[in-house]
Amino acid sequence: MSTYLLVHGSWHSGECWERVVPLLTAAGHRVFAPSLTGHGDKAHLLSREVGLDTYVDDVVGLIVEEGLTEVVLVGHSYAGMVVSSAANRVPDRIAHLVYLDAMVPEDGECVTDVMPVSQTLIDLAARSGTDWRIPPLPELPPPDGLFGVTDPADVAWLRTLLTDEPVLCLQQPVRLDNPAVHAVPRTHIHCVGVSEREGYERRPVPATQPNGTPAQVWELETGHDCMITVPGELADLLLKLGPQMI
């Protein structure tokens, strides 16, 4: 049995994983898909003080409180920042890091370093009535849709999950200063069903992982929110990271 900890990206909540969780549990695994502070069932905790460090505390706190070890830690999108810093805090509890169409930072980088176009979101918030809140990105014409989701029913459901993101989440830096974190194996899953928009291109994955092994990069022919659009295909990939590969 493996333990999967699924971490949602900006604006989303833990509910976005609800199509993936039962597929992993049906295979006999333990799965956690929490909402980070200010999102989902914790939406009432949203404030200007919520930042990347808050989210890292959420994830590390869950791991410690539940006594989790050998965790397959999955970060979607912005949560690549979260899982990186979380693994830095408790590398001995992490069996595998999965960057799911995610930001992949270096030590000391914030979101605007990894994806400079994000600064425009901060600038827009600064000119608004609530300078610390960034609303969700708007729906675009197909094939982009809402975070890569185009089915009308799915788009309507996804809208119910979205909440504003505090500016501080984009400004606080990742910490990757624990040498032990570099020994944790990594897998990158890229969603390639929609062309990358200018300014939102993902960084190339180096040929060699920080632990010295060859990079592992898998692809899904779908939009960004693959846990909604192709939950079965995503679950199949995550199940490959079970005990036989760890």
Side-chain angles (χ1 to χ4, degrees), residues 6-14 16 34-40 42-43 45-60 73-89 97-128 130-138 140 144 146-148 161-178 181 186 188-191 194 196-206 210 223-227:
L6 313 176
V7 185
H8 65 80
S10 292
W11 301 295
H12 290 57
S13 76
C16 70
S35 289
L36 300 174
T37 298
H39 302 277
K42 302 183 183 72
L45 300 176
L46 186 72
S47 75
R48 67 170 62 247
E49 287 77 30
V50 172
L52 173 61
D53 292 347
T54 312
Y55 295 159
V56 175
D57 288 343
D58 289 340
V59 173
V60 173
L73 183 57
V74 182
H76 177 245
S77 193
Y78 164 80
M81 310 289 286
V82 181
V83 300
S84 296
S85 273
N88 189 69
R89 293 257 298 271
L97 271 174
V98 181
Y99 291 90
L100 179 57
D101 218 32
M103 297 183 181
V104 185
E106 300 292 338
D107 181 41
E109 289 188 323
C110 62
V111 168
T112 53
D113 297 313
V114 180
M115 193 171 285
V117 72
S118 301
Q119 183 62 46
T120 61
L121 302 178
I122 297 174
D123 295 341
L124 287 171
R127 295 195 293 270
S128 71
T130 52
D131 61 353
W132 60 271
R133 301 175 68 135
I134 300 175
L137 297 178
L140 298 173
D144 296 283
L146 184 63
F147 297 101
L161 309 185
L162 302 179
T163 53
D164 291 355
E165 196 68 44
V167 164
L168 189 60
C169 296
L170 279 63
Q171 296 174 321
Q172 285 186 325
V174 160
R175 293 296 172 221
L176 284 168
D177 54 1
N178 184 343
V181 75
R186 297 181 174 191
H188 303 262
I189 302 176
H190 294 164
C191 298
V194 178
E196 293 179 299
R197 293 169 55 203
E198 184 176 357
Y200 291 88
E201 300 89 353
R202 68 178 68 86
R203 285 178 166 177
V205 177
H224 185 56
D225 276 6
C226 56
M227 73 289 290

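Residue indices begin at 1 and follow the sequence shown.
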*Side-chain contact test, heavy atoms from C-beta onward, threshold under 4.5 Å: evaluate it for H224 versus D144 and give yes or no.*
no
*What closest approach, in Å, do P166 and D164 show between heavy atoms, and which atom pair accounts for it?*
CD-O, 4.1 Å
*asked:* Could you measure the distance from the CG atom of D58 to the OG1 atom of T37? Nearest 0.5 Å is fine.
replied: 3.5 Å
_Keeping Q172 on the side-chain end and L52 on the backbone end, is there a donor-acceptor pair under 3.5 Å?_
yes
_Treating E196 as the side-chain partner and R202 as the backbone partner, does any N or O pair qualify as donor plus acceptor under 3.5 Å?_
yes
*Side-chain donor or acceptor of Q119 paired with backbone N/O of P116 under 3.5 Å*: no
*Any sub-3.5 Å donor-acceptor pair from D225's side-chain atoms to G148's backbone N or O?*
no
*Just by distance, do the side chain of N88 and the backbone of V181 share a donor-acceptor pair under 3.5 Å?*
no
*So, for D107 and D177, which heavy atoms are closest and what is the spacing to 0.1 Å?*
OD1-N, 3.9 Å
*asked:* Taking G14's backbone N and O only, do any of them form a donor-acceptor pair with H39's side chain (distance below 3.5 Å, no angle check)?
replied: no
*If you round to the nearest 0.5 Å, how far is CG of L170 from CD1 of I134?*
4.5 Å
*Lys/Arg-Asp/Glu bridge criterion (N-O < 4.0 Å) met for D53, R175*: no
_If I take atom OG1 from residue T130 and atom CZ from residue R48, how far apart are they, to the nearest 0.5 angstrom?_
9.0 Å
*Take R186 and V205 through the test side chain to side chain contact (heavy atoms under 4.5 Å, CB included) and record every step on the way to the result.*
CA-CA 11 Å; R186 297 181 174 191; V205 177; over 6 Å; no
*For S13 and H8, which heavy atoms make the closest approach, and how far apart are they?*
C-CD2, 3.4 Å
*Do you know the tightest heavy-atom contact between A86 and L73?*
CB-CD2, 4.3 Å
*Start with the C-alpha gap between D57 and R89, add the side-chain angles, then the distance that decides, and say whether side chain to side chain contact (heavy atoms under 4.5 Å, CB included) holds.*
CA-CA 9 Å; D57 288 343; R89 293 257 298 271; 3.2 Å; yes
_Donor-acceptor pair, side chain of Y78 and main chain of C169, under 3.5 angstrom_ = yes
*asked:* Taking side chain to side chain contact (heavy atoms under 4.5 Å, CB included) as the criterion, tell me which of V104, V98, L100, L97 meets it with H188.
replied: V104
*asked:* Any side-chain to backbone donor/acceptor pair from W132 onto E49? Under 3.5 Å, distance only.
replied: no
*Got a donor-acceptor contact below 3.5 angstrom from the D101 side chain to the C191 backbone?*
yes
*Going from SG on C110 to CE on M115, what distance comes out if it is rounded to the nearest 0.5 angstrom?*
12.5 Å
*Closest heavy-atom contact between V50 and Y55?*
CG1-CE2, 3.7 Å
*So, S84 versus Y99: side-chain donor-acceptor pair below 3.5 Å or not?*
yes
_Quick one, E109 with L176, criterion side chain to side chain contact (heavy atoms under 4.5 Å, CB included). Give me CA distance, side-chain angles, the key distance, then yes/no._
CA-CA 9 Å; E109 289 188 323; L176 284 168; over 6 Å; no
*Looking at NZ of K42 and OG of S35, how far apart are the two atoms once the value is rounded to the nearest 0.5 Å?*
5.5 Å
*Determine whether V167 and R133 make a side-chain contact, defined as any pair of heavy atoms from C-beta on separated by less than 4.5 Å.*
no
_Where L146 and L137 come nearest, the two heavy atoms and their spacing_ = CD1-O, 3.6 Å
*First locate atom CD of E165, then atom OG of S118, and finally report the distance between them rounded to the nearest 0.5 Å.*
11.0 Å
_Using modelled atom types and a 3.5 Å cut-off, is there a donor and acceptor pairing between side-chain atoms of S85 and backbone atoms of V174?_
no
*So do L36 and V7 actually touch side chain to side chain, heavy atoms under 4.5 Å?*
yes
